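Just so it is clear, the model here is predicted, and its values are computed rather than measured.
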Amino acid sequence: MLRNAVQPAMLPSEVTFVELLRKKKKRRRGNRANEEYFEEMLKHDLKTRKKSKDGKDDLPHHGSYSFSEVKCLNDHDNSSRNDSSGIDSNGESSGTGTFNMGGTGYGFERLLKGKNGMAFISDVRCCLILGLIFVAATLTIGVYAISVNGQEDKFYREFEMTSNQVYESANRRILEVFGELERISFMTASFAKQEQQRYEKLQEQRPPEGFVTIPDVEYILGSARESMQADFVAYLPSIKSQQQSEYWAKYNKDNIGWLVESTEVYDSMATKTQTGNETTVQQDTDSAVHYEIWRYEIYDKNGLSIDYGSSTCPMWSTYKKRPDTYDKHALQAAEAIEAERIFPYFPELSPPVGAPLSPVWTSSPPYFQGKPSIINFNAQSDPSFQHMLQVVGVTRKTTFADVCSPTAPWMEKTTLQADRYAIVITPMFGDVLGVLDTDNPIIGHFMALVPWTVFFSETIGDGNLPVTVGVTNDCGRSFSMVVQNGNSAIFLNHTSDGKPHREEFNDMKLELPLAPFAHPKNSEGFACAFNVSIYPTETMEEAYNTNMPIIYAMIVLVCFAFTSFAFIAFDCLQQRRQRHLVNTAMRQNLLVSALFPKKIQDQLFEDMKQNDKQKSKLRNQNKSGTAGLRQFLEREHANSGSFDAKEQSSRKKVKPIADLFPATTIMFADITGFTAWSSEREPCQVFILLESIYKEFDRIAKKRRVFKVEVVGDCYVAVCGLPDPRKKHAVVMAKFAADCMAAMSLTVKKLEKELGPDTSDLKLRIGLHSGPVVAGVLRGDRCRFQLFGDTMNTASRMESTCLPNHIQISQDTADILIAFGKEEWVVPREDKVEAKGKGALSTYFLVLEDSSEGGNDASSVGASSSANGSLIGSHHSRNPVGASDGSEERRNSSIDWTVEVLANVLKAIVARRNAKSLKPSSEKLLVQLEQASIAHDGTKIVIDELSSYVALPGFDDADFGVDSKHVVLPGVVVEELKEYVQSVAELYNNSNPFHNFDHANHVVLSVNKLLSRINSPDIEGGDEELFNHTFGIASAPLTWFVVILSALIHDVDHSGVSNSQLLKEKSPLSFLYQNKSVAEQNSFDIGWDLLMEDTYRNMRRTIYSTTGEFKRFRQLMVNSVLATDIFDKDLNRHRQERWDKAFNQIVDPEMMDEFDKEKSVNLKASIVIEHLLQASDVSHTMQHWHIYRKWNERLYMEMYKAYFEGRMEEDPTDFWYMGEIGFFDDYVIPLAQKLHVCGLFGVSSAEHLNYAEQNRSEWVKRGERIVVELATKANAKFKRSKNKE
């Protein structure tokens, strides 16, 4: 009925809002044209608005329809949709009959007006999908690469572990064989000794030493053979004369019975064959035992004699036994020496005439592997044996060698179990107890034939993979085997290329000496030493070359693909829901547009925003007063004390968090001398100091339960008594102040080595006051906890009027301490202090002999401050607690700091040298250059070496990105560096007030600050841009070292007068240096000659390692030291010409060739280095006023001293005021401007210029009065010293 109640008058060409809604309702019914329909409706509505000429109403016909009618249409439309959840666009329940004006509709017209909005979203979605694909590919490749690298790492670790295990086990096994053989040698020697004694008792002719038959041969030698896993063990007596040779024939016949006995034992212990049947050793009954010593003579197929002493193993076809008597062997040995055939690798060990015979005697087994006995075979006739026996004779130790084939003639062409053998020989000495005695004769040898596989079997545990082992010796022999897990080592037949392993494994080879204890090659120089090379096998490589990387990569790819698919599916669902929300928002926006004018719409949405903010405010509102303050402090402690800006904006109408605390004690602590000190340092050093000090203060505050309020510059503010009241707030704060004072003293002493001289001179002054204070949170962009009130002001005055290293307290604080029985802590100050806004105040100094107290306030750092009996804040002296002259300690601290600076630069030199892999020049050439540099023949002086520029290294990528933090200098280099700096310090004339070691350290400090600015320029770009910007100085640590070293030595042995005075006095130095830069050349020569002493050789090799570095080092040092002569007119004119050429000439870079460009860069670098030294030499004029005053006074005192001693014609008082002004105008300020012009020093150049101008201005105002004070002080000082004399 409402629809029929009022019929609007519609123009034929217009389509009204209600009609569009009805039209939409008929067309809809599940049709997806819903979105297009509403968009069409909105566009029509916007078009209608544009056509309207009535400026009052946005919609011409909005007054023709009632709210109820539009509401019913909306409700009906909502019910016709499938949205049964009753959730509006804001995400809150709207109700069936409620008209909801949610914020989502606000400004929706602007969103749809943007033509590129949806296109942008589509582009973002496409980019996101492409990004997912890229990330998936990257992750897959990354996982695959990491897995492959992991497999390779496991492979390398497995090989390293296995190869070390094989090597150690082989050496251990060889030692075991040696030990067993030496054991039976020792036992046999003991038995031989007993036999000799038995013959003496029977008064019978005793045989020669070494002629011994071991009892129970097979039991003794057999057990040793089994223990060593040897195939053959024998004893070889040493026959040294013809008489002994003849006696041996009788002896072995008389004692051959051991052979029968051993054979019976050996037969009874015979092993079973593979079929399990018992077998016995088959003796060759046709072959009788040779009772004469015999040897082999070998012939080839043509009947020619063959020499088998070569490194290769010939295949013999015919061999015959020949008798080998002592004389015959000697003759053969002589012939062998003449022919030089027997020992091609060791001619120096060829047997001399009359060499001993070594026949095989008792052995196990008795018949070598079932073949005829080799008893009485002369081992000396075999070159391999002969060489080993002679090595043993020289070294007197057990050794072993390789037998290249088991078909050696003395083995009777026997087929043995192994393919390759090692012969182990140990000596037997005549005196058992005199083994180490070189006069103790060797009377025999024990020999064991051990398969090589024995040494390498059982070296790999179960589960380990096989490796390839190659054994070589210095005599040209080699073989290879595969060592497997278990008791297995197999000899290899080499591959077609002659190598037992793949070429790829060469990089992994582990090559070590095998049994180095058995081959004293380094000392004697003749043994065939063995080396073992271990390689991985293909089996080991295949075990770690699996398909797991591909599997891992595919798993990652599948997981990422599934995740991406889920994300895309979720995005599609979100798009559907978003379309629904957009349709809802469009309808609501159209309804609001139909009902209200534009201004009313804006107001409605604004009110809704305010309501939301009020709700958020009520939910997050904090308490006020003390409880609110405590809540803020707790949150500040947890969140570092910062509030979000949005949270602050939501609290504009909330009551501030603040409260009054009636009983508190506030501390102000300030560092005296900090401003002047910081003007000499880099910004990072300033913060290191503050962070270190305040970190200690914070630690103490936490321990004492004192609240830190804030830090402003070098002022530390703390309070006790809030937010939790404390009755003993003044007592706690007094202890806290004493602890801070002690911590300050300890901290600056520790930091002096890192931060430089004068750091330990920094002192703390503290002011305390007690009273009420207002505390609260001062809100804003950066809300802060603040204290307000007169108590804060008074505490600040207590600090500002306090003396350094003292704690000053007010009357109120003193009264509280006295009330708590701490009257001994309170000492009245003799004079009253004038406090701004307060007038004259009576104050007290705090004196704590012991700050310890029971409970929570236990013993603290403060107690240590009075350990020497001094009192903190004692009013009796203005000196710091425990202060003394400390000149020696100060000097040592300065030396340590200078050494640390130079050592850090040396590390950078070493790091870059290692990165570039520079090959050092020969030591002989460097020594020649060094000797030539100190040859003072009078024909050439230092100033003659002055150069227009120094050629620095060109751009190199290797100079950048090098980290020197991990470089460790050798201890000897650091010791030499410290000794050098100490020597330089002693060479300074420290009686000079100005030109002394303290001033040299001050110059070094300034140089280091400027160099750090060069190394950290404020530019953007790559390494080459940095190189060009700094003219190559930033990438040349050798240049840094030269500049710092020049600053250190530039005033060594300074006489305290100017060069002009030295010329007037006709000093020998002026004659020596031809009246030019006398002091500077003298300082250079002294510092250089000291450096060239042999004491500092290691340090010099660290500074420079090539001739090029040496020449650049000296040239830079000459230019740098002579640059400090600022009064030589010729040098100044030459220096100014070079500056103008470097920075004032305009040259087109395209017109310059590479040589000219390089020359230009080197010229700029050289002139900048010289000006850097000049600026550092007078850096006190470009630093804080207090620093300037300190060194200005010292220079005045030095010149007044020269005047007082008659070495200066004019009293410096007469020209000091105007002279300083002229010095600023003519030298200091132009020099500071040059630092700024060259562009290398960033803000430091501006800082220098500002300080120079400020100091000049201050000097103009106060200079005349200061000169009067200086003159009075100097006159009194030197007259007093004269009276003492």
Does the Arg913 side chain pair with the main chain of Thr1102, one donor and one acceptor, at a distance under 3.5 Å? yes

Before you tell me yes or no, could you show the steps for Val450 and Phe455 under side-chain contact (heavy atoms from CB on, under 4.5 Å), namely the whole-Å CA-CA distance, both residues' side-chain angles and the distance that decides it to 0.1 Å? CA-CA 9 Å; Val450 184; Phe455 298 143; 4.0 Å; yes

Rounded to the nearest 0.5 Å, how far does CG of Leu221 lie from CG of Leu181? 9.5 Å

Does a side-chain heavy-atom distance below 4.5 Å link Ser238 with Ile442? no

side-chain contact (heavy atoms from CB on, under 4.5 Å) for Phe178 and Lys397? Distances and angles first, verdict last. CA-CA 10 Å; Phe178 281 19; Lys397 296 179 181 179; over 6 Å; no

Scan residues 178-193 for pairs that pass side chain to side chain donor-acceptor pair (under 3.5 Å), counting only residues two or more places apart or in two chains. Glu180-Arg183, Glu182-Thr398

Gln165 versus Ser169, side-chain donor and acceptor atoms under 3.5 Å: no

Between Val467 and Leu510, is any pair of side-chain heavy atoms under 4.5 Å apart? no

With sequence neighbours left out, what residues match Gln196 under side-chain contact (heavy atoms from CB on, under 4.5 Å)? Arg206, Pro207

Please report the closest heavy-atom contact between Ala515 and Asn171, naming both atoms and the distance. N-OD1, 2.8 Å

Output yes when a side-chain donor or acceptor of Trp361 lies under 3.5 Å from a complementary backbone atom of Leu236, and no otherwise. no

Applying side-chain hydrogen bond (donor to acceptor under 3.5 Å, both in side chains) to Gln151 and not counting sequence neighbours gives Thr546

N/O donor-acceptor pair under 3.5 Å between Ser223 side chain and Tyr219 backbone: yes

Shortest non-hydrogen contact from Gly222 to Ser364? CA-OG, 3.4 Å

In chain order, what residues pass the side-chain contact (heavy atoms from CB on, under 4.5 Å) check against Pro513, with sequence neighbours excluded? Tyr167, Pro516, Asn531

Which pair of heavy atoms, one from Ala234 and one from Ser363, lies closest together, and at what distance? CB-CB, 3.6 Å

I need the Met540 CE to Thr468 OG1 distance, nearest 0.5 Å. 9.0 Å

Judged by atom type as modelled, is there a donor-acceptor pair below 3.5 Å linking the side chain of Tyr235 to the main-chain atoms of Thr213? no

Verify, without hydrogens or angle tests, whether Thr162 (side chain) and Phe159 (backbone) share a donor-acceptor contact under 3.5 angstrom. no

Is Thr362 reaching over with its side chain to a backbone N or O of Val217, donor-acceptor style, under 3.5 angstrom? no

Below 4.0 angstrom, N of the basic side chain to O of the carboxylate: do Glu923 and Arg1097 qualify? yes

Determine the minimum heavy-atom distance between Leu389 and Ala379, stating which atoms define it. CD1-CB, 4.5 Å

Looking at every heavy atom in both Pro365 and Tyr266, which two are closest together, and how far apart are they? CB-CE1, 3.3 Å

Does any part of the side chain of Leu969, heavy atoms only, come nearer than 4.5 Å to the side chain of Lys907, both counted from C-beta? yes

State the CG-CG distance between Asn378 and Leu357, to the nearest 0.5 angstrom. 4.5 Å

Listed by chain and number, what are the ring-ring contact (aromatic ring centres under 6.0 Å, His included) partners of Tyr251, not counting sequence neighbours? Phe211, Trp248

For the backbone of Leu259 and the side chain of Thr263, can you confirm whether one donor and one acceptor N or O come within less than 3.5 Å of each other? yes

Do Lys240 and Pro441 have side chains that approach each other closer than 4.5 Å (heavy atoms only, starting at C-beta)? yes

For the residue pair Arg172 and Glu176, establish whether any side-chain heavy-atom pair is separated by less than 4.5 Å. yes

Flag, side chain of Asn440 to backbone of Asp431, donor-acceptor distance under 3.5 Å: yes

Look up atom OG in Ser457 and atom CH2 in Trp452, then write down how far apart they are to the nearest 0.5 Å. 12.5 Å

For Glu511, check side-chain hydrogen bond (donor to acceptor under 3.5 Å, both in side chains) against everything at least two apart and list the hits. Lys509

Working to the nearest 0.5 Å, report the span between CD1 of Ile534 and OG of Ser480. 11.5 Å

Here the gap from Glu261 atom CD to Glu218 atom CD, rounded to the nearest 0.5 Å, amounts to 10.0 Å

Which atom of Ile293 lies closest to which atom of Ser245, heavy atoms considered: CD1-OG, 4.5 Å

Donor-acceptor contact present, side-chain Arg173 to main-chain Met228, <3.5 Å: yes

When you compare the side chain of Val471 with that of Phe456, does any pair of heavy atoms fall below 4.5 Å? yes

Please examine the side chains of Glu209 and Met428, heavy atoms only from C-beta on, and report whether any two atoms are closer than 4.5 Å. no

4.5 Å side-chain heavy-atom contact, Pro451 and Asp231: yes

